[in-house]
**Q** 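Sending over a structure as structure tokens; questions will come in a sec.
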Amino acid sequence: MKPSLVKGTRDFGPEQMSKRLFIFDTIRATFKRFGFLPLETPAMENLSTLTGKYGDEGDQLLFKILNSGDFAAGLTADGADQPPLHSKALLPRIAEKGLRYDLTVPFARYVVMNRHALALPFKRYQMQPVWRADRPQKGRYREFYQCDADVVGTDSLLCEAEIVLMVHEVMRNLGIEQFALKVNNRKILTGIAEMIGMPGQEGALAVAIDKLDKIGQDKVLDELRGRGFSEESLTALMPIFSVEGSTDSVLARLKEWLASSETAQRGIAELQETLQLVSQYGLDQPKTELDVTLARGLSYYTGAIFEVKALGVSIGSISGGGRYDNLTSAFGTSERLSGVGISFGVDRIYDVMEELSLFPADAGQGTAVLLVPFDADGRAVALPLLNQLRQADTSAEMYPDLAKVKKMLDYANAKRIPLVVLIGSEEVQTGQLTVKNMLTGVQEKLTADELIAFVTRS
RNA sequence: GUGAUUGUAGCUCAGUUGGUUAGAGCGUCGGAUUGUGGUUCCGAAGGUCGCGGGUUCGAGCCCCGUCUUUCACCCCA
């Protein structure tokens, strides 16, 4: 049989992996600098932990795991006198585990289970794969990695501000200079829904408004009509399409328009304070953009919402997050624990960086020096040198077989090893090794000590 | 989940209105004065034409199903 990959999954070869590790390392370094601690949770969770947290659509995208053993035991066969079993009714009887859909919900589960041992506020980062059963397409996979940093146990808007700072640091360290960090606040959307006489409908409102830049104002209105919004409410909504301009002027206009909504006013104030904290920090050339139409589908957000888009590429958002006030309450805690977090999508960041050629040249660099002995005598000289190079923190290897020189140099080219040390009888006798730069073709004679000095210097 | 789309050598692709032993480039392997690669020359290996059915004297080509790829919708990192 021919081997193949599961739909929407990929292998990562050495070259891809070294680029991916560059992304992981960059993000991890930032998370650590901001005081977040590492956490890992299992790939699978009880379905009861996962369901109901992501809305109906999200539940459908969960990968379920068939029970072990005779999962069909106790199921009755469909008979003429019985209605056929529907998969929806069948599911809880044959699957009680599922693959994690994101990192936020398992984190909330962890916090609730370990509440007694955690010093609040608790800051954790987590970089693990998640799985979603939707159709793969550009920038969308069934298995992909998220890098999350969340804080729970504080309402302080400093956390929101730090997320803004982290996003800037990560993007700039990755070399993604052209990006937009869109920010909004769910409370503003909630207030708008109240204002137009559709309280509690901010979810439907958000989903439709989120598509504004994609389908245009008229189609957004059509969609809202389809969702049961009256003409009256739509008329009341019109000002949202004309709030543009600088962040300050947008905030001022919103304040005026939503004057009667206490919720909206709180959202506006939160946003304002967050942005003020960011500017007090002294962030250079912030890429934050207030976008009233930014909604984000995940239903658990209650305050700030973030989304990062790379400019100049047609790949969806590469990062997103927000504040959630009652995620832990879904697990039955009476204590109100507020949290806020950000999630970086490694796979999309990879696609963006690949498309814009942003990976540094040495991101795929493996071995720095290849030792090429021509015979057993050369090998006797090469082995201690190999050891010395590695102790000097240089990645070095020796071609394992005594093969033809051509073959060994071909190997160096294939692995893009920039430096080759040729060791034949002449080199063994004089101690002057032939060091060849594979890029320029230039050769020079160096002693072992000179070689190590040269390699560690560059 | 809805609607399209793709599949021929390791890779990128040719392959006529259905007609004999399915081709190219690149790559791989071997060789061209036994201590020199990336540029040259010669040679070789490598394909159940995604898979399963059907139509036909005959299918890489037409039809159906299925899987896969890519894309739009939905939603999302």
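Since the model is a prediction, treat every value here as computed from it, not as a measurement. Note on naming: letters A, B, ... go to the chains in the order of the sequence lines (proteins, then strands), and numbering restarts at 1 for each one.
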**Q** Please find out if less than 6.0 Å separates the ring center of A/Tyr350 from that of A/Phe359.
**A** yes

**Q** Indicate yes or no for a side-chain donor-acceptor contact from A/Arg348 to the backbone of A/Arg140 under 3.5 Å, with no hydrogens or angles considered.
**A** no

**Q** Output yes when at least one side-chain N/O atom of A/Lys406 is less than 4.0 Å from OP1 or OP2 of B/U36, else no.
**A** no

**Q** If you check every side-chain atom of A/Ser317, which of B/C74, B/A77, B/U36 has the closest atom?
**A** B/A77

**Q** Can you tell me the Watson-Crick or wobble partner of B/C26, both distances under 3.5 angstrom?
**A** B/G10

**Q** Can you check the distance between B/G15 and B/C62, where both ends of the measurement are the P atom (answer in whole Å)?
**A** 13 Å

**Q** Looking at A/Glu15 and A/Arg20, does any basic side-chain N land under 4.0 Å from a carboxylate oxygen?
**A** no

**Q** Distance check needed: B/A77 C1' versus A/Asp150 CG, whole Å only.
**A** 14 Å

**Q** Is there a donor and acceptor pair closer than 3.5 Å between the side chain of A/Arg135 and the base of B/G3?
**A** yes

**Q** Has the side chain of A/Arg132 got a donor or acceptor atom sitting under 3.5 Å from an opposite partner on the base of B/C75?
**A** no

**Q** Under 4.0 Å, counting only non-hydrogen atoms across every strand here, what does A/Ile318 touch: a base, just sugar-phosphate, or nothing?
**A** sugar-phosphate

**Q** Indicate yes or no: does A/Glu450 engage A/Lys445 in a salt bridge with an N to O separation below 4.0 Å.
**A** no

**Q** Which nucleotide in the list B/G37, B/C75, B/U69 gets nearest to the side chain of A/Met438?
**A** B/G37

**Q** Side chain of A/Tyr141 only, please: which of B/C75, B/A77, B/A72 is the nearest?
**A** B/A77

**Q** Identify the nucleotide, in any strand shown, that forms a Watson-Crick or G-U wobble pair with B/C57, with both distances under 3.5 Å; if there is none, say none.
**A** B/G19

**Q** Within the pair A/Lys404 and B/U36, is there a side-chain N or O less than 4.0 Å away from OP1 or OP2?
**A** no

**Q** Is the aromatic ring centre of A/Phe144 closer than 5.5 Å to the centre of the six-membered base ring of B/A77, with the two planes inclined by less than 30°?
**A** yes

**Q** Taking the P atom of each, how far is B/C51 from B/A22, in whole Å?
**A** 16 Å

**Q** Roughly how many Å apart are B/U68 and B/C49, using the C1' atom of each and rounding to a whole number?
**A** 16 Å

**Q** Given B/G37, B/G35, B/A77, identify the nucleotide with an atom nearest to the side chain of A/Thr434.
**A** B/G35

**Q** If the P atom of B/A4 is compared with that of B/C41, how far apart are they to the nearest Å?
**A** 50 Å

**Q** Using the benzene-type ring in the case of Trp, are the ring centres of A/Tyr125 and A/Phe36 under 6.0 Å apart?
**A** no

**Q** Salt-bridged, A/Arg379 to A/Asp375, with N to O below 4.0 Å?
**A** no

**Q** In whole Å, measure the gap between the C1' atoms of B/G53 and B/U17 for me.
**A** 26 Å

**Q** Using the closest heavy atom to pick a nucleotide of RNA chain B for each, name whichever of A/Val6 or A/Ser319 lands nearer the 5' end.
**A** A/Val6

**Q** Between A/Val405 and A/Glu307, which has a closest nucleotide on RNA chain B that is more 5'?
**A** A/Val405

**Q** Could you state the CG-P distance from A/Leu103 to B/C76, rounded to the nearest angstrom?
**A** 16 Å

**Q** Can you tell me how far P of B/A77 sits from CG of A/Asp102, to the nearest Å?
**A** 8 Å

**Q** Taking it one step at a time, do A/Phe24 and A/Tyr145 satisfy ring pair (Phe, Tyr, Trp, His ring centres under 6.0 Å)?
**A** CA-CA 10 Å; A/Phe24 281 117; A/Tyr145 276 74; 5.4 Å; yes

**Q** Base, sugar-phosphate alone, or nothing: which one does A/Tyr411 contact when heavy atoms must sit under 4.0 Å apart?
**A** nothing

**Q** Round to a whole Å and report the spacing from CZ of A/Arg10 to C1' of B/A77.
**A** 11 Å

**Q** Using only side-chain N and O atoms of A/Lys309, determine if any of them is under 4.0 Å from OP1 or OP2 of B/A77.
**A** no

**Q** Do any side-chain nitrogens or oxygens of A/Lys436 fall under 4.0 Å of OP1 or OP2 in B/G35?
**A** no

**Q** Check if the side chain of A/Gln443 and the base of B/G35 share a donor-acceptor pair of N or O atoms closer than 3.5 Å.
**A** no

**Q** Would you classify A/Gln137 as touching base, sugar-phosphate or nothing, given that sugar-phosphate means primed atoms plus P, OP1 and OP2, and contacts are heavy atoms under 4.0 Å?
**A** base

**Q** Is A/Ile349 touching bases, backbone alone, or none of the nucleic acid, heavy atoms closer than 4.0 Å?
**A** nothing

**Q** If I pick the C1' atom on B/A44 and the same atom on B/A9, what distance separates them, to the nearest angstrom?
**A** 14 Å

**Q** Pick base, sugar-phosphate or nothing for A/Gly139, based on heavy-atom distances below 4.0 Å to the nucleic acid.
**A** base

**Q** Check the distance between B/C71's C1' and A/Lys138's NZ and give it to me in whole angstrom.
**A** 10 Å

**Q** Between A/Met398 and A/Ala382, which heavy-atom pair has the shortest distance, and what is it?
**A** SD-CB, 3.5 Å

**Q** Whole angstroms only, please: what is the OH-P distance between A/Tyr54 and B/G1?
**A** 20 Å

**Q** In whole angstroms, how far is the P atom of B/A77 from the CD atom of A/Glu354?
**A** 23 Å

**Q** Please confirm whether any donor atom in the side chain of A/Arg348 sits under 3.5 Å from an acceptor in the base of B/C76, or the reverse.
**A** yes

**Q** Test for a donor-acceptor pair under 3.5 Å between the base of B/G38 and the side chain of A/Asn413, counting only N and O atoms.
**A** no

**Q** Under 4.0 Å between a side-chain N or O of A/Lys407 and OP1 or OP2 of B/U36?
**A** no

